[in-house]
Amino acid sequence: MQRLLELARRWREPSWPERQEAVAQALAASDFLTEEAAAFALNQQMHVLTESVLRRFVESLPPPSGRTVLLWQTDRAPLAGWQEALLLWLSGHRGTLVLAEPAATLVGALLQALAVDTIHLDTEPRLETRLEAADVLVVVGDEAVHQEVQEALARVRRPPERVRLLPMRYGAAVLDGRETPDELEGLAEDALLFEGFGARSVRLLWAPESLKPDALLEALSHFRGVFPAHPATPGRLKMPQAWLKAAGIPHAYGEGLEFLVSRGAPEVQTPGHLRWVPYRDPVEVAEWLEAHAAEVSVVVARPALLRQLPQLPGRTTPGHAHRPPFPDPVGTAIEALRELLA
């Protein structure tokens with residue numbers, strides 16, 4: 001544990017050479033990560049690793065079981081898989097983590113700094129080879145990923161004894177028109193940080209039917225002044241924006257197409273494209289949240305409104321979607337690993 005605390009202390013410093021090298025490699029490997037977003041992710045995760053938090057985490061670890069784990073985490077957040085890697089390492093388990101970039105680079109650098117040799121990292125699942133060597137399989141992904149895994153499981157002679165397929169989640173936010181400018185700027189961070197990639201990114205925003213989006217659009221533009229968009233973002237949003245225009249669907253976008261907001265049904269769009277969903281009655285929102293609880297990682301709303309919404313995990317206030325506690329109970333596969341390794 002002391003080795004981990006020392007790493008957290010050193011990696012809090014942007015000038016730490018190992019951190020600088022890892023960030024440079026991650027930026028080169030990613031089509032959405034920016035220097036500002038990488039700094040945010042590392043600072044947040046390193047600062048939550050305090051001695052008291054780690055002690056509680058260690059006390060809740062599953063006992064060593066001798067089981068080998070295969071975790072395929074398709075979340076593209078910069079440090080997706082980091083907390084799962086710590087659980088496996090600190091509980092004495094061996095395994096393979098399949099991560100997307102830039103997480104593969106950043107998490108790999110952190111594990112290398114800790115001299116962890118019990119966990120192998122890769123960016124390709126190689127299911128045909130790895131499934132027969134795994135006792136426990138945890139997959140976080142969309143329906144296409146789940147289908148690929150199920151087909152591979154049917155083909156191997158010795159599938160893992162314990163399997164858990166988890167959905168790729170997304171964040172939702174609820175407005176009632178009483179939000180302060182600071183709360184709207186926090187919501188802009190929740191939606192646009194990491195360019196909308198990541199299981200905790202707000203992708204759907206429920207708002208009263210009569211509410212105009214002007215204040216939110218101003219907040220989104222202000223956020224882009226602090227956290228500039230990745231150079232690839234405008235190109236990624238160009239086609240959706242053109243389609244919205246051709247279809248006559250109400251939408252707005254930032255100067256330079258640094259973000260995109262469209263009005264319509266509660267359907268998740270391309271990362272960086274926020275869907276504004278109008279509602280007439282708060283009951284409509286509550287019913288939708290309850291029906292989609294398995295898909296939603298966080299529900300963001302101002303405190304007074306949050307108390308009126310269903311008591312779902314991941315409820316938080318604007319500006320905190322990407323500032324989860326450690327361990328993160330809704331944005332990671334931590335709970336599934338605890339159960340399967342118990």
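Treat the numbers as computed from the prediction; the structure is a model and nothing was measured. Numbering of residues begins at 1 and proceeds along the displayed sequence. Heavy-atom basis, side chains included; hydrogens, waters and symmetry copies ignored.
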Counting heavy atoms not belonging to E218, are there more than 12 under 6.0 Å from its CD? no
Evaluate side chain to side chain contact (heavy atoms under 4.5 Å, CB included) for L192 paired with L220, printing each intermediate quantity in order. CA-CA 8 Å; L192 297 183; L220 294 172; 3.6 Å; yes
Regarding H273 and S262, do their side chains bring together a donor and an acceptor under 3.5 Å, going by distance alone? yes
Using a strict threshold of under 4.0 Å (side-chain N to carboxylate O), is an ion pair present between E339 and R164? yes
Modelled atom types, side-chain donor and acceptor of R94 and T68, under 3.5 Å: no
Heavy-atom closest pair (F194 atom, A37 atom, distance to 0.1 Å) is CE2-O, 3.5 Å
So, E287 side chain and P282 main chain: donor-acceptor pair closer than 3.5 Å or not? no
W82 vs L111, test: side chain to side chain contact (heavy atoms under 4.5 Å, CB included). Steps then yes/no. CA-CA 9 Å; W82 165 238; L111 295 179; 4.1 Å; yes
Does E128 have more than 12 heavy atoms from other residues, nucleotides or ligands lying within 6.0 Å of its CD? yes
Any Lys/Arg nitrogen of E13 or R19 sitting under 4.0 Å from an Asp/Glu carboxylate oxygen of the other? no
Has R203 got its NZ or CZ under 6.0 Å from the middle of the six-membered ring of Y170, at an angle within 45 degrees of the ring axis? no
Donor on one side chain, acceptor on other, E195 and T233, under 3.5 Å: yes
Whether over 12 other heavy atoms sit under 6.0 Å from E143 CD: no
Distance-minimising heavy-atom pair for V300 and A321: CG2-CB, 4.2 Å
So with a 6.0 Å cut-off around CD of E35, is the heavy-atom count from everything else above 12? no
Do R178 and D176 sit within salt-bridge range, that is, some charged N less than 4.0 Å from a carboxylate O? yes
Return yes if a side-chain donor-acceptor contact under 3.5 Å exists between Q112 and E18, otherwise no. no
Do the side chain of S30 and the main chain of L27 share a donor and acceptor less than 3.5 angstrom apart? no
Has the side chain of R162 got a donor or acceptor atom that lies under 3.5 Å from a matching backbone atom of L340? yes
Are W276 and W206 an aromatic pair by the rule of ring centers under 6.0 Å? no
Take atom OH of Y253 as the centre, draw a 6.0 Å sphere, and report whether it contains more than 12 heavy atoms from other residues, nucleotides or ligands. no
Examine F326 together with F57 and report whether their ring centres are nearer than 6.0 Å. yes
Donor-acceptor contact present, side-chain E185 to main-chain E189, <3.5 Å: no
No-hydrogen, no-angle side-chain donor-acceptor test under 3.5 Å, R338 and S60: yes
Pair D190 + R323: basic N to acidic O under 4.0 Å: no
Between the main-chain N or O of A80 and the side-chain N or O of D75, is there a donor-acceptor pair closer than 3.5 Å? no
Quick one: do R56 and E59 make a salt bridge, cutoff under 4.0 Å? no
Test: R158 and E132 ion pair at under 4.0 Å: no
If we ignore hydrogens and angles and just use 3.5 Å, is the side chain of E183 paired with the main-chain N or O of T180 as donor and acceptor? yes
I'd like to know if the side chain of R12 reaches the main chain of M46, judged simply by a donor and an acceptor atom lying under 3.5 Å from each other, with no hydrogens or angles considered. yes
L106 and P78: which non-hydrogen atoms are nearest, and at how many Å? CD1-O, 3.5 Å
If you define the side chain from C-beta out and look only at heavy atoms, does anything of L165 sit under 4.5 Å from Q150? yes
Could you go through L175 and L187, starting from their C-alpha distance and side-chain angles, then the distance that decides it, and tell me whether this counts as side chain to side chain contact (heavy atoms under 4.5 Å, CB included)? CA-CA 10 Å; L175 302 181; L187 182 57; 3.6 Å; yes
Does any donor atom in the side chain of Q147 or E151 lie under 3.5 Å from an acceptor atom in the other side chain? yes
Is it the case that the side chains of H251 and Q241 hold a donor-acceptor pair, with the cut-off being a distance below 3.5 Å and no angle test? yes
N-O pairing of E51 and R55 below 4.0 Å: yes
With distance as the sole test, does R67 use its side chain to make a donor-acceptor pair with the main-chain N or O of A134 at under 3.5 Å? no
Quick check: does any side chain N or O of D135 sit under 3.5 Å from a backbone N or O of P160, one acting as donor and the other as acceptor? no
So, D281 side chain and E284 main chain: donor-acceptor pair closer than 3.5 Å or not? no
